[in-house]
Chemist: 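Okay, handing you the structure first.
To find a chain, count down the sequence lines: A is the first, B the second, and so on, and within it residues start at 1.
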Amino acid sequence: MDNNLLAEALFPDTAETPDFYENLYPPRNLPEGAVVSRLAPSPTGFVHLGNIIQGLTSERMSHQSGGVLFLRIEDTDAKREVKGGVRSIIEGLSHYGIEFDEGAGTDGDFGLYGPYRQRQRVKIYHCFAKQLVREGRAYPCFCTEEELGEIRQKQISAKENIGYYGKWAVWRDKTNVEISEKLSSGARWVLRFRSQGDSKNKIKFTDLIKGGVEVTENDIDHVILKSDGIPTYHFAHAVDDHLMRTTHVVRGDEWLPSLPFHIQLFNALGFKLPKYLHIGPLMKMDGTSKRKLSKRKDKELALSFYREKGYPPESLYEYVLTVLNSNYEDWRNANPSSAAGDFKFSYKKMNPAGSLFDEAKLNDVSKNVVAMFSAEKVYNDLLIWADEFDPDFGKVLRREQQKAVLALAIGRGGKKPRKDFALWSEVKDKIGFVFDEYFSYTDKIEGFDKSDIIEVLRAFAKSYDSDDDREKWFEKIKVISEEAGFSPDIKEYKNNPSLFKGSVADVSSFIRVAVTGRLNSPDLYDIMKLLGKSATLRRITNFEEVL
RNA sequence: GGCCUGUUAGUCAAGCGGUUAAGACGUCGCCCUCUCACGGCGAAGACAGGAGUUCGAUUCUCCUACGGGUCACCA
């Protein structure tokens with residue numbers, strides 16, 4: 001029985017030959033140097049930072065070069081599938097600025113190289129698998145889980161390398177007659193790749209991020225089709241990325257160890273190997289040691305974590321870019337108002353090692369990003385966040401839109417904009433006091449006589465005119481200070497503290513606490529303006545009672 | 001355990017055989033200032049260890065240590 005007959009016995013329904021698909025999916029007509037890249041998530045619906053990191057890298061490489069970015073769904077493991085998962089992945093990525101030129105979409109697939117969901121491509125995989133069988137490069141294996149377990153145990157006790165290879169590969173050297181007999185008994189089988197590698201040999205390989213790597217040849221006969229006929233990742237990767245004409249594969253470096261196998265597969269199938277970019281893992285501090293961020297343990301890996309906290313997507317985008325390309329920050333400092341997309345992304349600036357996720361840095365980046373937003377954009381984005389995660393605040397923002405925008409506009413714009421919040425969840429705490437719902441006399445004034453405070457507040461209330469400009473307004477406070485025995489000049493007070501009860505700074509703080517409830521606030525003049533005269537005076541009057 | 005890979009300040013990082021070893025975040029100090037935030041100035045703080053190659057190693061090679069990854073009919 002020759003291999004052709006075995007191939008027919010294994011794949012009776014597969015009529016097409018590889019040529020058929022080669023013609024169906026011709027090489028793309030793209031300019032020299034255009035990158036075709038993809039994102040290939042499982043449909044778990046769980047979008048995490050790793051997706052963004054890989055997605056942004058692929059997206060930049062593709063779009064910057066005039067190439068193509070597509071989305072392929074790796075749904076070969078049914079156990080992983082979550083209903084609605086594809087949609088939430090697409091929406092999640094889009095939220096962070098990653099859009100696809102072709103691939104799986106919320107309303108079905110689009111593009112000429114589909115289908116883009118692997119379970120819909122089974123026919124294609126079988127065609128290439130059949131070819132490998134014909135050529136003697138793949139064979140069925142009937143081992144049960146128990147048998148594989150036994151092999152493994154023997155290998156452990158004999159201290160040999162673990163895996164299905166060489167003499168341990170029990171079905172590797174069976175005759176086609178033996179195989180055919182087993183097959184006709186109806187036994188379940190998987191298709192294994194017949195490796196011609198030797199673990200004593202090394203192969204050299206260039207990864208665009210890691211540089212030259214030297215890896216041991218693969219000698220394991222890995223499974224390429226599971227017993228349900230669905231391919232494993234490895235086989236699907238080879239077939240899909242070839243037929244979809246991918247030029248650059250961006251993936252996590254946990255794939256590096258299986259690279260030797262992938263190289264063998266591409267060679268055996270007669271495919272040209274794409275370029276690889278293996279990205280180091282994102283780590284976090286765990287006690288005193290670093291470890292890879294884990295989907296199960298670390299909430300900060302999930303994008304939902306950032307949405308809940310209210311990081312604008314632009315901030316995360318910006319942060320990821322600073323992690324990916326070390327020169328991004330310098331570029332950003334030199335071009336503060338340019339769009340992030342104008343930055344020239346380069347894989348050469350990517351770090352081969354994993355980097356630690358740094359929330360403090362993210363906050364700083366976010367602060368700068370938010371500072372560049374207009375008050376209207378802050379209001380809109382804040383409202384969207386609040387509606388979902390702080391509905392009461394959302395209601396207030398909606399009702400008091402004008403006041404909210406004015407409050408958010410204080411200190412915004414200009415050369416040195418305020419940078420007082422990085423996330424939407426911080427906003428209520430910073431400026432919530434402008435709304436009566438969130439106003440309370442939180443901070444206490446210490447170290448001054450109550451009577452002095454009251455005297456100052458009464459004088460201020462009496463003199464306050466909402467038509468005063470900033471200078472006049474502050475002049476009045478200085479006058480009040482002097483009349484109450486406080487120095488209008490801070491330097492003067494510092495030089496002779498014993499001559500005064502305090503300075504104009506202290507007087508200002510009395511008024512500030514009365515009006516905002518806080519010792520610290522944005523510009524007090526602007527706050528009074530937006531509160532209006534009556535509300536300002538009411539708060540001052542009420543504060544006297546509190547005292 | 002085998003195999004792979006990485007290691008420059010607390011963190012992110014420049015650096016490609018000769019540098020006073022950039023810069024950013026964080027920390028601390030000073031200045032500006034009605035508070036805060038911003039901004040300005042400054043300080044502390046690093047080439048994991050050991051061999052070798054070299055006139056000269058952060059940079060090249062090897063070993064050790066430590067970190068990370070991977071060894072599925074998961075991706």
Chemist: When you measure from the side chain of A:D330, which nucleotide among B:rC73, B:rA22, B:rA75 comes out closest?
Modeler: B:rA22
Chemist: Roughly how far apart, to the nearest Å, are B:rC60 and B:rG15 at atom P?
Modeler: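 Those two atoms are separated by 13 Å.
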Chemist: Would you say A:T76 reaches B:rA75's phosphate, i.e. side-chain N/O to OP1/OP2 under 4.0 Å?
Modeler: yes
Chemist: Which nucleotide in the set B:rG15, B:rC73, B:rC4 lies at the smallest distance from any side-chain heavy atom of A:T216?
Modeler: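 My answer, after comparing the listed nucleotides, is B:rC4.
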Chemist: For a quick test of reading the model: is some side-chain N or O of A:K79 closer than 4.0 Å to OP1 or OP2 of B:rC73?
Modeler: no
Chemist: With both distances under 3.5 Å as the test, what is the Watson-Crick or G-U wobble partner of B:rA43?
Modeler: B:rU27
Chemist: Round to the nearest Å and state the distance from A:N161 atom CG to B:rU70 atom P.
Modeler: 18 Å
Chemist: Which nucleotide wins on minimum distance to the side chain of A:F474, given the candidates B:rG26, B:rC34, B:rA22?
Modeler: B:rC34
Chemist: Closest to the A:D77 side chain: B:rC74, B:rA72, B:rG2?
Modeler: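 Closest of the options to the side chain of A:D77: B:rC74.
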Chemist: With both distances under 3.5 Å as the test, what is the Watson-Crick or G-U wobble partner of B:rA9?
Modeler: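 Base-paired to nothing in any strand shown.
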Chemist: Does A:F421 reach a base, just sugar-phosphate, or nothing at all? Heavy atoms under 4.0 Å.
Modeler: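 Result for A:F421 = nothing.
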Chemist: Identify the nucleotide, in any strand shown, that forms a Watson-Crick or G-U wobble pair with B:rC62, with both distances under 3.5 Å; if there is none, say none.
Modeler: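 Per the H-bond distance test, B:rG50.
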Chemist: In whole Å, measure the gap between the C1' atoms of B:rA13 and B:rC32 for me.
Modeler: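 So the two C1' atoms sit 31 Å from each other.
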Chemist: Does B:rU33 pair with anything, Watson-Crick or G-U wobble, both distances under 3.5 Å, and if so, with which nucleotide?
Modeler: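 The base-pairing partner of B:rU33, which may sit in any strand shown, does not exist here.
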Chemist: A:K202 near the nucleic acid: base, sugar-phosphate alone, or nothing, with a heavy-atom cut-off under 4.0 Å?
Modeler: sugar-phosphate
Chemist: Between A:K349 and B:rG15, is there a contact of a side-chain N or O with OP1 or OP2 at under 4.0 Å?
Modeler: yes
Chemist: So, A:Y165 versus A:N218: side-chain donor-acceptor pair below 3.5 Å or not?
Modeler: no
Chemist: Watson-Crick or G-U wobble partner for B:rC38, using a 3.5 Å limit on both distances?
Modeler: none
Chemist: Could you identify the nucleotide paired to B:rA14, looking across every strand shown and requiring Watson-Crick or G-U wobble geometry with both distances under 3.5 Å?
Modeler: none
Chemist: Output yes when A:E471 and A:K476 qualify as a salt bridge under the 4.0 Å nitrogen-oxygen rule, no when they do not.
Modeler: no
Chemist: Students often get this wrong, so: under 4.0 angstrom with heavy atoms, is A:I220 touching a base, only sugar-phosphate, or nothing?
Modeler: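 Contact class for A:I220: none.
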Chemist: In terms of the angle between their ring planes, are A:F11 and A:W189 parallel, tilted or perpendicular, with boundaries placed at 30° and 60°?
Modeler: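 If you compare the ring of A:F11 with that of A:W189, the planes turn out perpendicular.
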Chemist: Hey, does A:S521 reach any base, or is it just sugar-phosphate, or nothing, if we go heavy atoms under 4.0 Å?
Modeler: base
Chemist: Heavy-atom nearest nucleotide on RNA chain B for A:P352 versus A:P417: which residue maps closer to 5'?
Modeler: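 It is A:P352, whose closest nucleotide lies nearer the 5' terminus.
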Chemist: If you check every side-chain atom of A:E254, which of B:rU11, B:rC34, B:rA75 has the closest atom?
Modeler: B:rA75
Chemist: Give one of base, sugar-phosphate or nothing for A:R152, where a contact means two heavy atoms less than 4.0 Å apart.
Modeler: sugar-phosphate
Chemist: For the aromatic rings, using the six-membered ring if either is Trp, is the centroid distance between A:F357 and A:Y319 under 6.0 Å?
Modeler: yes
Chemist: Whether A:R412 engages the ring of A:F373 as a cation-pi pair (distance to the six-membered ring centre under 6.0 angstrom, angle to the ring normal within 45°) should be assessed.
Modeler: no
Chemist: Please determine whether any donor N or O and acceptor N or O are separated by less than 3.5 Å between the side chain of A:S509 and the base of B:rC34.
Modeler: no
Chemist: Under a 3.5 Å limit for both distances, which nucleotide forms a Watson-Crick or G-U wobble pair with B:rG68, could you say?
Modeler: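 Its partner is B:rC4.
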Chemist: At under 4.0 Å between heavy atoms, what does A:N363 touch on the DNA or RNA strands: base, sugar-phosphate, or nothing?
Modeler: nothing
Chemist: In whole angstrom, give me the gap between the P atoms of B:rG69 and B:rC16.
Modeler: 31 Å
Chemist: If you compare all heavy atoms of A:A340 against all heavy atoms of A:Y328, which two are closest, and at what distance to 0.1 Å?
Modeler: CB-OH, 3.6 Å
Chemist: I'd like the C1' distance from B:rG23 over to B:rC74, given in whole Å.
Modeler: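 Rounded to whole Å, the distance is 42 Å.
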Chemist: Which nucleotide sits closest to the side chain of A:R512: B:rC74, B:rC34, B:rA24?
Modeler: B:rC34
Chemist: Salt bridge check, A:D420 against A:R418: does any charged N sit closer than 4.0 Å to a carboxylate O?
Modeler: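 A salt bridge links A:R418 with A:D420.
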Chemist: Is A:N520 touching bases, backbone alone, or none of the nucleic acid, heavy atoms closer than 4.0 Å?
Modeler: base
Chemist: Verify the contact: side-chain N or O of A:K226 to OP1 or OP2 of B:rA72, cut-off strictly under 4.0 Å; return yes or no.
Modeler: no
Chemist: Does B:rA24 have its OP1 or OP2 closer than 4.0 Å to a side-chain nitrogen or oxygen of A:R332?
Modeler: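 For B:rA24, neither OP1 nor OP2 has a side-chain N or O of A:R332 closer than 4.0 Å.
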Chemist: Mind checking the C1' distance from B:rU58 to B:rG18? Whole angstroms is fine.
Modeler: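 Per the computed distance, 12 Å lies between those C1' atoms.
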Chemist: Identify whether any heavy atom of A:E214 sits under 4.0 Å from a base atom; if not, whether one sits that close to sugar-phosphate; answer base, sugar-phosphate or nothing.
Modeler: sugar-phosphate
Chemist: Under the 3.5 Å rule, do the base of B:rC38 and the side chain of A:R418 count as making a donor-acceptor pair?
Modeler: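 It does not, because no donor-acceptor pair links the side chain of A:R418 to the base of B:rC38 below 3.5 Å.
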Chemist: Counting the atoms with a prime plus P, OP1 and OP2 as sugar-phosphate, which does A:R412 contact under 4.0 Å by heavy atoms, base, sugar-phosphate, or nothing?
Modeler: nothing
Chemist: Regarding A:K367, tell me which of base, sugar-phosphate or nothing describes its non-hydrogen contacts under 4.0 Å with the strands shown.
Modeler: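 Result for A:K367 = sugar-phosphate.
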Chemist: What's the closest nucleotide to the side chain of A:W473 if the choices are B:rA13, B:rC34, B:rG2?
Modeler: B:rC34
Chemist: A:V190 side chain: which of B:rC25, B:rC73, B:rC34 is closest?
Modeler: B:rC73
Chemist: Nearest of B:rC25, B:rC4, B:rA37 to any side-chain atom of A:K361?
Modeler: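 The nucleotide sitting nearest to the side chain is B:rC25.
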Chemist: Given B:rU5, B:rG26, B:rC73, identify the nucleotide with an atom nearest to the side chain of A:T232.
Modeler: B:rC73
Chemist: Name the residue closer to the 5' end of RNA chain B, choosing between A:K416 and A:D506 according to the nucleotide with the nearest heavy atom.
Modeler: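 This one resolves to A:D506.
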Chemist: A cation-pi test, strictly: NZ or CZ of A:R188 under 6.0 Å from the centre of the six-membered ring of A:F142 and no more than 45 degrees from its axis. Yes or no?
Modeler: no
Chemist: Testing A:F261, A:Y276, A:Y233 one by one against A:W255 for a ring pair (Phe, Tyr, Trp, His ring centres under 6.0 Å), which residue passes?
Modeler: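 For A:W255, the ring pair (Phe, Tyr, Trp, His ring centres under 6.0 Å) test succeeds with only one of A:F261, A:Y276, A:Y233, which is A:Y233.
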